[in-house]
Amino acid sequence: MRQAQLERSTSESTVSVALDLDGTGKADISTTVPFFDHMLTALAKHSLIDLDVTSKGDTHIDVHHTVEDTAIVIGQALAEALGDKAGIRRYGSAFVPLDESLARCVVDISGRPYFVHAGEPDGQQYHLIGGHFTGSMTSHALESIALHAGLTVHLDLIRGRDPHHIVEAQFKAFARALREAVEPDGRTTAVPSTKGVL
């Protein structure tokens, strides 16, 4: 059972996450940040990872703490659900278009957290999407997931113009690459590393 359920509480937020790597993409998301809810719903749908998330935080100050802390717990839950990583494909990659935007993501479930993000147009980080979500939170959220799940992630926006499309294409590309990387490999049950551990 590749599942995990975690909670995290600080003076800035309270986060609860449950996920199932072998799900069907069902999502029940409530972070009090509507556009982030939309992105996490897309993440679940396109990764086929069932994802339940409830977050509350000091959004009267900024959404930063709530988004970051939610991403941290999602990453921790992914790491727990993956266990020793035996029998997974380990690597995944995807190109995802959304109208004029095109994103590419490559994932390695390496146990070595690293995040490379490039290609967004100048000013994307300052766009306020949906009235709450600043464009810079795309990189911060996905990096937080990667670091706490032990993933190596290379995410590139190849082209894009609309701020909403740019973010959504990147989340969906990450989701599709993650889906491939966590899938069981039908040819082996071993840990996919010459070291024997990931």
Side-chain angles (χ1 to χ4, degrees), residues 1-9 13-57 59 63-83 88-89 92-99 101 103 105 107 109 115 117 129-135 137-151 153 155 162-184:
M1 300 293 288
R2 301 193 304 162
Q3 301 173 347
Q5 186 167 352
L6 294 176
E7 294 184 0
R8 181 178 189 262
S9 292
S13 69
T14 300
V15 180
S16 175
V17 171
L19 62 78
D20 182 352
L21 297 181
D22 300 307
T24 59
K26 293 184 297 184
D28 185 3
I29 312 293
S30 177
T31 68
T32 71
V33 182
F35 186 72
F36 193 42
D37 289 358
H38 181 43
M39 292 302 96
L40 293 181
T41 300
L43 174 61
K45 182 70 172 180
H46 295 284
S47 66
L48 294 183
I49 295 172
D50 289 348
L51 186 60
D52 292 343
V53 176
T54 302
S55 305
K56 293 182 179 178
T59 54
V63 305
H64 185 105
H65 297 146
T66 301
V67 171
E68 177 183 48
D69 293 350
T70 300
I72 287 170
V73 181
I74 290 171
Q76 291 171 337
L78 280 169
E80 182 175 315
L82 282 163
I88 62 168
R89 294 185 182 277
S93 62
F95 285 84
V96 171
L98 181 57
D99 295 349
S101 296
C105 188
V107 170
I109 302 178
F115 185 76
H117 185 210
I129 304 166
H132 301 88
F133 189 92
T134 308
M137 295 308 299
T138 304
S139 183
H140 192 50
L142 293 176
E143 181 177 39
S144 294
I145 292 172
L147 295 183
H148 289 271
L151 311 177
V153 176
L155 178 63
D162 181 271
H164 183 136
H165 293 170
I166 286 170
V167 178
E168 190 166 344
Q170 292 179 96
F171 266 87
K172 288 179 176 177
F174 174 67
R176 291 292 297 193
L178 185 62
R179 171 181 170 176
E180 183 177 337
V182 304
E183 281 180 345

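Residues passing the side chain to side chain donor-acceptor pair (under 3.5 Å) test with His46, sequence neighbours excluded: none.
In this structure, Arg179 contributes its side chain and Ala44 its backbone to no donor-acceptor pair below 3.5 Å. Proximity of a side-chain donor or acceptor of Glu180 to a complementary backbone N or O of Arg176 within less than 3.5 Å is not detected.
Considering CG of Leu178 and CD of Glu183, their distance stands at 10.0 Å, rounded to 0.5 Å. Here the CE atom belonging to Met1 is positioned 11.0 Å from the CG atom belonging to Leu21, to the nearest 0.5 angstrom. Here the straight-line distance linking atom CE of Met137 with atom CD of Glu143 works out to 11.0 Å at 0.5 Å rounding. To the nearest 0.5 angstrom, Ile72 atom CD1 is 4.0 Å from His148 atom NE2. Here the straight-line distance linking atom OG of Ser16 with atom CZ of Arg8 works out to 13.5 Å at 0.5 Å rounding. In this structure, the separation between OG1 on Thr24 and CG on Asp50 is 4.5 Å, given to the nearest 0.5 Å.
Heavy atoms only, all atoms of each residue included: Ala94 and Ala177 are closest at CB-N, 3.8 Å. The two atoms that bring Val153 and Ala146 nearest to each other are CG2-CB, 3.8 Å, heavy atoms only. In terms of heavy atoms, Leu40 sits closest to Leu51 at O-CD2, 3.9 Å. Residues Ala181 and Gly92 approach most closely at CB-N, 3.8 Å, considering heavy atoms. Here the closest non-hydrogen pair linking Leu6 and Glu80 is CD2-OE1, 3.3 Å. Nearest approach of Cys105 to Val107, heavy atoms of both residues: SG-CG2, 4.0 Å.
Side chains of Ser13 and His65: a donor-acceptor N/O pair is absent below 3.5 angstrom, by distance only. If you check the side chains of His140 and Glu68, you find a donor sitting under 3.5 Å from an acceptor. Thr70 and Ser55 form a side-chain donor-acceptor contact under 3.5 Å, judged by distance and modelled atom types alone.
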Point to revise | side chain to side chain contact (heavy atoms under 4.5 Å, CB included) between Val96 and Phe171, intermediate numbers included | key: CA-CA 9 Å; Val96 171; Phe171 266 87; over 6 Å; no

Exercise for review: Decide yes or no on side chain to side chain contact (heavy atoms under 4.5 Å, CB included) for Lys56 and Thr66, but give the supporting numbers first.
Suggested key: CA-CA 7 Å; Lys56 293 182 179 178; Thr66 301; over 6 Å; no

**Study point:** Working for side chain to side chain contact (heavy atoms under 4.5 Å, CB included), residues Ser101 and Asp99
**Key:** CA-CA 6 Å; Ser101 296; Asp99 295 349; over 6 Å; no

Check your understanding: side chain to side chain contact (heavy atoms under 4.5 Å, CB included) between His117 and Leu142: does it pass, once the steps are laid out?
Key -> CA-CA 9 Å; His117 185 210; Leu142 293 176; over 6 Å; no

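Side-chain contact between Leu78 and Leu19 is present, with heavy atoms from C-beta onward closer than 4.5 Å. Side-chain contact between Phe115 and Ile145 is absent, with no heavy atoms from C-beta onward closer than 4.5 Å. Counting only heavy atoms from C-beta outward, the side chains of Val17 and Asp52 never approach each other to under 4.5 Å.
The six-membered or imidazole ring of Phe36 lies away from that of His38, with a centre-to-centre distance of 6.0 Å or more.
A side chain to side chain donor-acceptor pair (under 3.5 Å) with Thr31 is found for one member of Asp37, Thr54, Thr59, Asp69 and no other, namely Asp37.
Ion pairing between a basic and an acidic side chain is recognised when a charged N comes within 4.0 Å of a carboxylate O; Arg2 and Asp20 show no such pairing.
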